[in-house]
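Okay, structure first, notes after.
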Amino acid sequence: MSQVIVVQTTIDSRAAAEKLAEAIIHEGRGACVQIAAPIISVYKWEGKVQKQEEYLVSVKTTDQALSPLVELIRQLHTYDVPEIIALPVIDGGHDYLSWVADQVNTQ
């Protein structure tokens, strides 16, 4: 069985987050996408401290689907350098983890 992971990105609007989430599910690159918002991100960009309202997008997927998921996120993302991080799921309900693995298209 594939390893279940959580992939996170942030994006600048609810509409963009929902569009991204729907594409991920439609393409089978994730089993579930959650959108948390709004959050405030503080970071340095081009030498200046920035503060921006963003939407956190969390994708439950598998390690085998990571590359095509990252490609899809990059295609649809509104940022020049999007945050895309993958976090391992070290434990969880067996039924849920099996469901995630069954929902994800690894091709």
Side-chain angles (χ1 to χ4, degrees):
M1 181 167 71
S2 299
Q3 172 67 38
V4 173
I5 61 174
V6 176
V7 175
Q8 291 186 331
T9 190
T10 54
I11 201 158
D12 60 352
S13 73
R14 180 177 174 162
E18 289 179 6
K19 179 180 176 184
L20 180 59
E22 290 171 4
I24 290 167
I25 297 302
H26 179 75
E27 296 292 324
R29 300 304 178 205
C32 175
V33 180
Q34 294 172 316
I35 301 168
I39 62 172
I40 302 297
S41 293
V42 180
Y43 54 94
K44 191 176 272 190
W45 181 251
E46 297 179 343
K48 296 180 183 173
V49 174
Q50 307 288 326
K51 182 168 74 171
Q52 180 174 344
E53 185 175 281
E54 295 184 299
Y55 291 74
L56 177 63
V57 179
S58 297
V59 183
K60 280 48 159 222
T61 191
T62 65
D63 57 348
Q64 292 181 337
L66 180 59
S67 291
L69 173 60
V70 168
E71 183 179 320
L72 180 62
I73 291 171
R74 288 188 190 282
Q75 287 173 0
L76 298 176
H77 213 287
T78 58
Y79 295 169
D80 293 336
V81 182
E83 169 194 358
I84 304 172
I85 59 173
L87 308 167
V89 173
I90 57 171
D91 200 4
H94 178 71
D95 292 347
Y96 178 77
L97 298 179
S98 293
W99 174 79
V100 170
D102 289 345
Q103 298 305 305
V104 176
N105 178 0
T106 58
Q107 310 224 356

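Contact of the Ile25 side chain with the Glu22 side chain is not registered, since no non-hydrogen atoms from C-beta on lie closer than 4.5 Å. You'll find the side chain of Asn105 stays beyond 4.5 Å of the side chain of Glu27, heavy atoms only. Under the 4.5 Å side-chain criterion, counting only non-hydrogen atoms from C-beta, Val104 is not in contact with Leu69. Between Arg74 and Ile84 there is a side-chain heavy-atom pair separated by less than 4.5 Å.
Formation of a donor-acceptor pair under 3.5 Å by the Thr62 side chain with backbone atoms of Val4 is not found in this model. Without hydrogens or angle criteria, Gln3 side chain to Val89 main chain gives a donor-acceptor distance under 3.5 Å. Thr61 places a side-chain N or O within donor-acceptor distance of the main-chain N or O of Arg29, the cut-off being under 3.5 Å.
Within a 6.0 Å sphere centred on CD1 of Ile90, other residues, nucleotides and ligands contribute 12 heavy atoms or fewer.
Screening residues 43-77 for ring pair (Phe, Tyr, Trp, His ring centres under 6.0 Å), with sequence neighbours left out, gives His77-Tyr79.
The cluster map of Ile, Leu, Val, Met, Phe, Trp and Tyr, joined by side-chain heavy atoms under 4.5 Å apart, puts Trp99 and Val59 in different clusters. One hydrophobic cluster, built from ILVMFWY side chains closer than 4.5 Å, cannot hold both Leu56 and Leu20; they sit in different ones. Connection of Val57 to Ile39 is not established within any shared hydrophobic cluster, with ILVMFWY side chains joined at heavy-atom distances below 4.5 Å, either directly or through further cluster members. Linking ILVMFWY residues whenever their side-chain heavy atoms come closer than 4.5 Å, directly or via other members, places Ile24 and Val7 in the same cluster.
Shown here for Asp12 and Gln52, the closest heavy-atom pair between the two residues is CB-NE2, 3.6 Å. Contact record, Val33 with Ala21: CG1-CB, 3.5 Å, taken as the closest heavy-atom pair. Residues Val6 and Ser58 approach most closely at CG1-CB, 4.2 Å, considering heavy atoms. Scanning all heavy atoms of the two residues, the minimum distance from Ala37 to Glu54 falls at CB-O, 4.3 Å. Taking both residues in full, the closest heavy atoms of Ala23 and Leu72 are given as O-CD2, 3.9 Å, listed atom of the first, atom of the second, then distance. Taking every heavy atom of both residues into account, Pro88 and Ile5 meet most closely at CA-CG2, 4.3 Å.
Partners of Asp102 by side chain to side chain donor-acceptor pair (under 3.5 Å), not counting sequence neighbours: none found. Checked against side chain to side chain donor-acceptor pair (under 3.5 Å), Glu53 has no partners two or more places apart in sequence or in another chain.
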Original post:
Which is it for Arg14 and Ile35 under the side chain to side chain contact (heavy atoms under 4.5 Å, CB included) test, yes or no, and what are the steps along the way?
Top reply: CA-CA 8 Å; Arg14 180 177 174 162; Ile35 301 168; 5.6 Å; no
